[in-house]
Amino acid sequence: MPELPEVEHAASTLRLWLAEAPVLRARAAATRLFRAGDHRLFEQRLTGRRLERVERRGKVLLLSFDGDVGLLSHLGMTGKWVRRPGSDTPAHSHAQLELPGAFVLHYCDPRLFGRLEVHRAVDLLDLPVVRALGPDPILDGIDVAALHGRLEGTARAVKVAIMDQAVLAGIGNIYATEALFRAGIHPARPARSLTRREVGRLAKGIEAALGEVLGRPAEEIAYLSEGGAVQNPFLVYDREGEPCPRCGRALEKRVIGGRASVFCGRCQKG
DNA sequence: TGACCCCTGGCC
DNA sequence: GGCCAGGGGTCA
């Protein structure tokens, strides 16, 4: 579950599940998830290790184990970490961490868009993919002047720009859609056309959209999770044709930067 | 900047 | 049986 709040939730559950307990055995299949390192490295290095720290930067999870073993985990579109009794193997489990108490942590990812990389723990924050990330809206906060500066420099649609992980780390299609609605800014507006005042509203919109979900219990965060019974908790995302929560006009949908964008044509001026 | 790719699953 | 999907990467 890919955007910032879902990855933050993954980080906190991993902290709970891996707290104190050594990994009895690590196993992994040879899949595309492993790029830099291979699956054997995962098995060799993680077996016997204890978790020391889980960090999140944007949508990237960074796990540090004792013995200077580091694991980078990106969930892609459909990746997730789940904990199951040893006898129960979930579908599309490609890597496993066996824990004491007959539990196994599985990394499941049907589409294999995620990635797993084994590194030295001390190197995690210096990895190019991590260094390339822009500020994390929750960890670093949003500096309105700096964001305005970044947006001024590009003619891209503002929605595309804020989904660029080098501009802000952790924003994907859902929270970009929600934030722009909250800010009353049309998603197709050229980024450089935003005034300082609008960037300020956008920053507040991003913080509000993220904050609302971050404050919720886990089951509600799992939009489209197992079971799928959870209702759409968003104001406009995936609500094309429904009335705008502010003015009542039907919400519109357009593809911007290759991704579906829902917005109110009246509240979000183009 | 857009088009296309990587994949599978769920929905119409 | 198509179409769509929250991620990112590459190519022209």
Side-chain angles (χ1 to χ4, degrees), chain A residues 1-10 29-36 56-61 72-82 90-95 106-117 127-134 136-137 151 153-181 187-193 206 209-210 212-214 216 218 220-241 253-262:
Chain A
M1 292 145 246
E3 300 187 41
L4 190 155
E6 295 81 10
V7 180
E8 179 61 37
H9 172 247
T31 64
R32 292 193 296 115
L33 294 170
F34 295 92
R35 314 217 173 146
R56 179 194 58 73
R57 299 294 314 176
K59 302 172 192 170
V60 178
L61 288 167
L72 178 150
S73 166
H74 192 299
L75 305 176
M77 288 246 265
T78 52
K80 60 183 168 185
W81 286 95
V82 301
H92 308 292
S93 168
H94 303 294
H106 297 263
Y107 178 73
C108 301
D109 193 345
R111 289 169 80 176
L112 291 171
F113 284 0
R115 62 161 88 178
L116 288 170
E117 295 176 12
L127 294 172
V129 285
V130 178
R131 298 197 72 135
L133 296 173
D136 181 296
L151 297 179
T154 178
R156 290 184 295 177
V158 59
K159 175 157 176 277
V160 175
I162 61 174
M163 288 171 62
D164 181 340
Q165 299 302 292
V167 174
L168 284 175
I171 307 299
N173 199 32
I174 291 181
Y175 294 95
T177 297
E178 293 290 293
L180 288 161
F181 173 75
R189 282 267 302 276
R192 62 161 65 127
S193 76
I206 291 168
L210 294 173
E212 175 165 329
V213 174
L214 280 168
R216 284 194 194 152
E220 296 175 33
I221 293 181
Y223 176 55
L224 297 188
S225 69
E226 290 172 82
V230 183
Q231 280 207 323
N232 178 352
F234 303 109
L235 295 174
V236 296
Y237 175 77
D238 201 22
R239 294 193 186 280
E240 178 196 8
K253 177 162 142 183
R254 233 175 90 184
V255 175
I256 297 165
R259 300 199 181 266
S261 306
V262 180

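Since the model is a prediction, treat every value here as computed from it, not as a measurement. Proteins come first, then strands; the chains are lettered A, B, ... in the order of their sequence lines, and each starts at number 1.
- Residue A:Gly258 is classed as having no contact, given no heavy-atom separation below 4.0 Å to the nucleic acid.
- Between the CG atom of A:Asp109 and the P atom of C:dG8 there is a distance of 13 Å, given to the nearest Å.
- Within the 4.0 Å cut-off from OP1 or OP2 of B:dC7, not a single side-chain nitrogen or oxygen of A:His92 is found.
- Taking atom C1' on both nucleotides, C:dG6 is separated from B:dT1 by 22 Å, rounded to a whole Å.
- Across all strands, A:Arg259 comes closer than 4.0 Å to base atoms (heavy-atom distances).
- Among residues two or more places apart in sequence or in another chain, the ring pair (Phe, Tyr, Trp, His ring centres under 6.0 Å) test is passed with A:Tyr107 by A:Trp81.
- In this structure, A:Ile171 and A:Leu210 approach most closely via the heavy-atom pair CD1-CD1, 4.0 Å.
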List, with names and distances, any nitrogen or oxygen atoms from the protein found under 3.5 Å away from nitrogen or oxygen atoms belonging to nucleotides 9-12 of chain C.
unit_1: C:dG9; atom_1: OP1; unit_2: A:Arg115; atom_2: NH2; d: 3.2

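- In this structure, CZ of A:Arg111 is placed 14 Å from P of B:dC5, rounded to the nearest angstrom.
- Between A:Glu240 atom CD and B:dC12 atom P the separation is 13 Å, expressed in whole Å.
- Not counting sequence neighbours, the partners of A:Lys159 by the side-chain hydrogen bond (donor to acceptor under 3.5 Å, both in side chains) test are A:Asn173, A:Ser261.
- Remark: C1' of B:dC7 and CG of A:Leu75 are 16 Å apart, rounded to the nearest angstrom.
- In the region residues 153-166 of chain A, proximity to DNA chain B at under 4.0 angstrom, judged on heavy atoms, holds for A:Ala155, A:Arg156.
- In terms of modelled atom types and a separation under 3.5 Å, the side chain of A:Glu117 and the main chain of A:Leu72 share no donor-acceptor contact.
- The two atoms that bring A:Ala209 and A:Glu178 nearest to each other are CB-CB, 3.9 Å, heavy atoms only.
- Between A:Leu33 atom CG and B:dC7 atom C1' there is a gap of 11 Å when expressed in whole angstrom units.
- Checking side-chain atoms of A:His92 against main-chain N and O of A:Pro90 turns up no donor-acceptor pair under 3.5 Å.
- One can place NZ of A:Lys59 at 9 Å from C1' of C:dG8, the figure rounded to the nearest angstrom.
- In this structure, A:Arg239 contributes its side chain and A:Phe234 its backbone to a donor-acceptor pair below 3.5 Å.
- Stem analysis of DNA chain C (Watson-Crick or G-U pairs, both distances under 3.5 Å, runs of at least three) returns B:1-6 with C:7-12, B:8-12 with C:1-5.
- The salt bridge (charged side-chain N to carboxylate O under 4.0 Å, His left out) search around A:Arg56 returns A:Glu8, A:Asp136, not counting sequence neighbours.
- For the atom pair CD1 (A:Ile256) and OG1 (A:Thr177), the distance works out to 8.5 Å, reported to the nearest 0.5 Å.
- Side-chain atoms of A:Pro110 lie closest to B:dG9 of the nucleotides B:dG9, C:dG7, C:dA5.
- Listed for the A:Glu240 side chain is no donor-acceptor partner under 3.5 Å among the backbone atoms of A:Asp238.
- Close to C:dG7, at under 4.0 Å from its OP1 or OP2, lies no side-chain N or O of A:His74.
- Remark: A:His9 NE2 to A:Lys80 NZ distance equals 11.5 Å, nearest 0.5 Å.
- Once rounded to the nearest 0.5 Å, the distance linking CG of A:Leu33 with CG of A:Asp109 reads 5.5 Å.
- For A:Tyr237, whose side chain is taken as the heavy atoms from C-beta onward, the closest listed nucleotide among C:dG7, B:dT8, C:dA5 is C:dA5.
- Rounded to whole Å, the separation between the P atoms of B:dC5 and C:dC3 comes to 14 Å.
- With rounding to whole Å, A:Asn173 atom CG is found 11 Å from C:dG8 atom P.
- Atom CD1 in A:Ile171 sits roughly 10 Å away from atom P in C:dG7 (whole-Å rounding).
- Distance noted for atom P between C:dG8 and B:dG10: 23 Å (whole Å).
- Panel note: side chain A:Arg111, backbone A:Met77; no donor-acceptor pair is recorded below 3.5 Å.
- Remark: ring of A:Phe113 does not overlap the six-membered base ring of B:dC7 in a stacked fashion, as centroids less than 5.5 Å apart with planes less than 30° apart are not both met.
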